[in-house]
S.K.: 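The structure follows.
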Amino acid sequence: MIQRILALLIGISLAAAAAASSQSPLELYQRALVQEQAVGDLPEAIALYQQAAREAGTDRGLAARALIRAAACAEKLGQAAAARGLYTQLLYTYPEQREQTGLAQVRLAALKPAAAQAAQASSSRSGRTDVSGIFGPLFEMYCVSCHNQSRKTAGLALDSLNISNVSENTAVWERILRRLRARRDPPLGMRRPDEAIYQSAISALELALDQAYPVTASLNTADRVSDAELAVRMAKFIWNAGPDAVLLDAVQRGRLREPAVLEQQVRRMLRDAKANGLVTEFFERWILWDALDKAQNADETLRRDLRMETRLFLDSQIREDHNALDLWTANYSLVNDRLARHYGISGLAGSQFRRFTLNDNNRAGILGQGSFLTVSSMANRTSPVTRGKMILMIFFGIIPPDPPPNVKPLNTDNNLPMRARMEQHRSNPACANCHITFEPLGIALENFNSSGQWRNTDDGSPIDASGAFVDGTKFNGPAELRAALLKYRDAYYANVSQKLLGYALDRKARVWNVYDYEMPAVRAIVREAASNEYRWSSIILGIVKSTPFQMKNIVP
């Protein structure tokens, strides 16, 4: 009798499991609602909600709602840790579902006291997210006089930031790390740390942040995409096209994920002419902001030649596998006869674009190309402000604040050189503090007119292209600016890797957002690329190997 009863119960369980597995995610969600609200079986409801979330596929809204309900059930059962885990999973897996993530943030805040105690105890034991040893004295000596609860300069109150546990406010710490790498703080004229302190602070914060995200462990064990789908993603990323026969053959033989094979495929794909898709869809848009076709300071023929120069230059950088820094420093470009005349280069004939070695460093890299100089100018004049901001934003990921309201526009008196007009504008204290961070970078490019031609005077006055970074490093003209920028190369490598990862994950164009919890993957990509001189192939291979790129379900 007992055996028959057991067999009957097992049969019922198997039948129930089979029925559940055959149901759609929406049906599972509805069954979970019944279990929660009518039957009162909260553990069963949690299991069904989680199953609905796992099987929701592209219906990310349903998955997010299911996780919210599962977390609420866990709270009702007094399982605070489980609830926090579910809310955190929602925040990091479905960040675009704003209604549900808003609810999750509210509930996490309500559950915070107990969680904070546990986290603090854990942090005290391990010390992995504790940066108080270096950031306590650093903030006290250099930062909190401006960034405190009273003044909140740039919206930061560092005197109340938890330096014993960076996981408490990772978004602020990621912002601090970005600014430290670019040496943006403290401002010009204030006492500054020496280089050794900067390096120690950056290293300590990187290590702490890599440990700070509770979702990291679950991401590392998440389901990976199939080999066939990985091939599709690689081809879309590098070629903006489908996989070819060679890539599919590696899939068929089951060897695509072998480290040597994966590296070989990435390098091969970058040498292929189809890698021009990466140039046009990412690099051009990243550097030129989709603005060249709209520029009023060059005619259609000149715009076409300027675009072709930059496109061919970028293509050569990728296919020849240069160090990523060569975008700034390369001593060559590709021009035809029309563009050579525009630049004042003699000895070139014919409409065909050809490689030309530059005579000096003034026009080296992207900063000396007419495309960048045109899109960073106004219709009838240069714009040191736009040029300086573009350098900070494109290369370092530093976004200057918007100008204050009711600021008078720049003096349009054409009898004054641009530097004099900028000095007048900067006499307004509301403008000076921000302008001093980016304007000198643009002033250094003033020898280039609004379409990239070299000049020595502006409205009859000799051009003064001298300036300084906020750390006091001085420069004069584009060659010295470029050389001085090299000391901030770490910020550049991190930013370009972050943008490329966002592009590879098919995030919104030109924003190419990367979520904070994905930043440990970015740092891993940069560290691995260092062993191969930061060549494009090493950065792109690191992205292809990264957890965010290989996860079965990519967060939009």
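From a predicted model like this one, the values you see are computed outputs, not experimental measurements.
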S.K.: Evaluate the side-chain proximity of Phe469 to Leu485: yes if any heavy-atom separation is below 4.5 Å, no if none is.
M.R.: yes
S.K.: Side-chain donor-acceptor pair under 3.5 Å between Tyr332 and Ser316, yes or no?
M.R.: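 Ser316 and Tyr332 do have a side-chain donor-acceptor pair below 3.5 Å.
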S.K.: Any side-chain heavy atom of Arg107 within less than 4.5 Å of one from Glu75?
M.R.: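 A side-chain contact exists here, since the closest heavy-atom pair is under 4.5 Å.
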S.K.: Donor-acceptor check, side chain of Arg151 to backbone of Ser145, threshold 3.5 angstrom: yes or no?
M.R.: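 Yes, because the side chain of Arg151 sits within donor-acceptor range (under 3.5 Å) of the backbone of Ser145.
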S.K.: Answer with yes or no after comparing the ring centroid distance for Tyr503 and Trp286 against a 6.0 Å cut-off, counting only values under it.
M.R.: no
S.K.: Do Asn323 and Tyr493 have a side chain donor and acceptor closer than 3.5 Å?
M.R.: yes
S.K.: Taking all heavy atoms of Pro520 and all of Arg527, pick out the closest pair and write down the distance.
M.R.: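 Heavy-atom minimum between the residues: O-NH2, 4.4 Å.
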S.K.: Does Trp289 have its ring centroid less than 6.0 Å away from the ring centroid of Phe372?
M.R.: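 Here the rings of Phe372 and Trp289 have centres that are no less than 6.0 Å from each other.
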S.K.: Determine the minimum heavy-atom distance between Ile163 and Gly136, stating which atoms define it.
M.R.: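 Closest heavy-atom pair between Ile163 and Gly136: CD1-CA, 3.6 Å.
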S.K.: Could you tell me whether Arg191 sits above the aromatic face of Tyr142, with NZ or CZ closer than 6.0 angstrom to the six-membered ring centre and within 45 degrees of the axis?
M.R.: yes
S.K.: Verify, without hydrogens or angle tests, whether Arg178 (side chain) and Trp173 (backbone) share a donor-acceptor contact under 3.5 angstrom.
M.R.: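 Pair absent, no side-chain N/O of Arg178 close to backbone of Trp173.
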S.K.: Would you say that Pro400 contacts Met393 through its side chain, given a criterion of any heavy-atom pair below 4.5 Å between the two side chains?
M.R.: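 Of all side-chain heavy-atom pairs linking Met393 with Pro400, at least one is under 4.5 Å.
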S.K.: Got a second to check how far Glu439's CD is from Leu441's CG, nearest 0.5 Å?
M.R.: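 Answer for the CD-CG pair, Glu439 versus Leu441, is 9.5 Å.
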S.K.: Of all heavy-atom pairs between Ala491 and Ala182, which one has the smallest distance, and what is that distance?
M.R.: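 Shortest heavy-atom separation between Ala491 and Ala182 comes out as CB-N, 3.9 Å.
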S.K.: Please confirm whether the backbone N or O of Arg98 pairs with a side-chain atom of Thr101, one donor and one acceptor, at under 3.5 Å?
M.R.: yes
S.K.: Test salt bridge (Lys or Arg N to Asp or Glu O under 4.0 Å) on Arg54 and Asp223; report intermediate values, then the result.
M.R.: CA-CA 11 Å; Arg54 285 194 303 271; Asp223 290 341; over 6 Å; no
S.K.: Would a distance-only check, ignoring hydrogens and angles, find a side-chain to backbone donor-acceptor pair under 3.5 Å from Thr88 to Gly85?
M.R.: no
S.K.: Working to the nearest 0.5 angstrom, can you tell me the gap between Lys152 NZ and Ser150 OG?
M.R.: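 Rounded to the nearest 0.5 Å, the NZ-OG separation comes out at 9.0 Å.
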S.K.: I need the minimum non-hydrogen distance between Thr93 and Arg60, along with the two atoms involved.
M.R.: O-NH2, 2.6 Å
S.K.: Between Glu284 and Thr280, is there a donor-acceptor pair closer than 3.5 Å when you use the side chain of the first and the backbone of the second?
M.R.: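 Judged by distance alone, no pair lies under 3.5 Å.
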S.K.: Is the shortest side-chain N to carboxylate O distance from Asp321 to Arg535 below 4.0 Å?
M.R.: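 No.
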S.K.: Quick one: does Arg267's side chain have a donor or acceptor within less than 3.5 Å of a partner on Leu541's backbone?
M.R.: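 Here the side-chain-to-backbone pair does not exist.
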S.K.: Please confirm whether the backbone N or O of Val261 pairs with a side-chain atom of Arg255, one donor and one acceptor, at under 3.5 Å?
M.R.: no
S.K.: Decide yes or no on side chain to side chain donor-acceptor pair (under 3.5 Å) for Arg192 and Tyr198, but give the supporting numbers first.
M.R.: CA-CA 10 Å; Arg192 299 178 68 83; Tyr198 273 114; 2.9 Å; yes
S.K.: With no hydrogens and no angle check, do the side chains of Glu195 and Gln199 hold a donor and an acceptor under 3.5 Å apart?
M.R.: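 Indeed, the side chains of Glu195 and Gln199 share at least one donor-acceptor pair under 3.5 Å.
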S.K.: Pick one: which of Arg523, Arg181, Arg179 meets salt bridge (charged side-chain N to carboxylate O under 4.0 Å, His left out) with Glu174?
M.R.: Arg523
S.K.: Counting only N and O atoms by type, is there a donor-acceptor contact under 3.5 Å from the side chain of Arg387 to the main-chain atoms of Leu445?
M.R.: yes
S.K.: Quick one: CG on Leu108 to CG on Leu103, what's the gap to the nearest 0.5 Å?
M.R.: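 Spacing of CG (Leu108) from CG (Leu103) equals 11.0 Å.
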S.K.: Between Tyr534 and Arg489, does any side-chain donor sit less than 3.5 Å from a side-chain acceptor?
M.R.: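 Side-chain D/A pair, Tyr534 to Arg489: absent.
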S.K.: Evaluate the side-chain proximity of Arg507 to Leu501: yes if any heavy-atom separation is below 4.5 Å, no if none is.
M.R.: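 Heavy-atom side-chain distance check fails, nothing below 4.5 Å.
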S.K.: Measure from the ring center of Phe282 to the ring center of Phe237 and say whether it is less than 6.0 Å.
M.R.: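 Here the rings of Phe237 and Phe282 have centres that are no less than 6.0 Å from each other.
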S.K.: Is there a side-chain contact between Tyr94 and Val555 (heavy atoms, below 4.5 Å)?
M.R.: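 No, their side chains stay 4.5 Å or more apart.
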S.K.: Does a sphere of radius 6.0 Å around CD in Glu528 hold more than 12 heavy atoms from other residues, nucleotides or ligands, not counting ones at 6.0 Å or beyond?
M.R.: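 Counting other residues, nucleotides and ligands, CD of Glu528 stays at 12 neighbours or fewer.
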S.K.: Can you name the nearest heavy-atom pair linking Val470 to Arg184, along with the distance?
M.R.: CG2-O, 3.6 Å
S.K.: Taking atom CG of Asn165 and atom CG of Asp130, what is their separation to the nearest 0.5 Å?
M.R.: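 Taking CG in Asn165 and CG in Asp130, the distance rounds to 8.0 Å.
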S.K.: Report yes or no: does Thr153 contribute a side-chain atom to a donor-acceptor pair with the main-chain N or O of Cys146 at less than 3.5 Å?
M.R.: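 Judged by distance alone, yes, a pair lies under 3.5 Å.
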S.K.: Taking side chain as C-beta onward, heavy atoms only, is Leu278 less than 4.5 Å from Phe283?
M.R.: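 Heavy-atom side-chain distance check passes, below 4.5 Å.
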S.K.: Would you name the heavy atoms of Gln149 and Ala157 that are closest together and state the gap between them?
M.R.: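 Residues Gln149 and Ala157, closest heavy atoms: NE2-CB, 3.8 Å.
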S.K.: Does a donor on one side chain sit under 3.5 Å from an acceptor on the other, for Asp471 and Tyr488?
M.R.: yes
S.K.: Check whether Arg183 reaches the backbone of Leu180 with its side chain - one donor and one acceptor, N or O, closer than 3.5 Å.
M.R.: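 Yes.
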S.K.: State, without any angle test, whether Gln211 and Thr129 hold a side-chain donor-acceptor pair at a distance under 3.5 Å.
M.R.: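 Note: Gln211 and Thr129 side chains miss the donor-acceptor criterion.
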S.K.: So, Arg257 versus Gln550: side-chain donor-acceptor pair below 3.5 Å or not?
M.R.: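 Yes, side-chain donor-acceptor contact under 3.5 Å.
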S.K.: Under a 3.5 Å threshold, yes or no: a donor from one side chain and an acceptor from the other, between Thr473 and Lys487?
M.R.: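 Distance-only check passes for Thr473 and Lys487.
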S.K.: With a 4.5 Å limit on heavy-atom distance, are the side chains of Tyr87 and Ile68 in contact?
M.R.: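 Side chain of Tyr87 against side chain of Ile68, heavy atoms only: contact under 4.5 Å found.
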S.K.: Would you indicate whether the side-chain heavy atoms of Phe549 and Leu230 approach each other to under 4.5 Å?
M.R.: yes
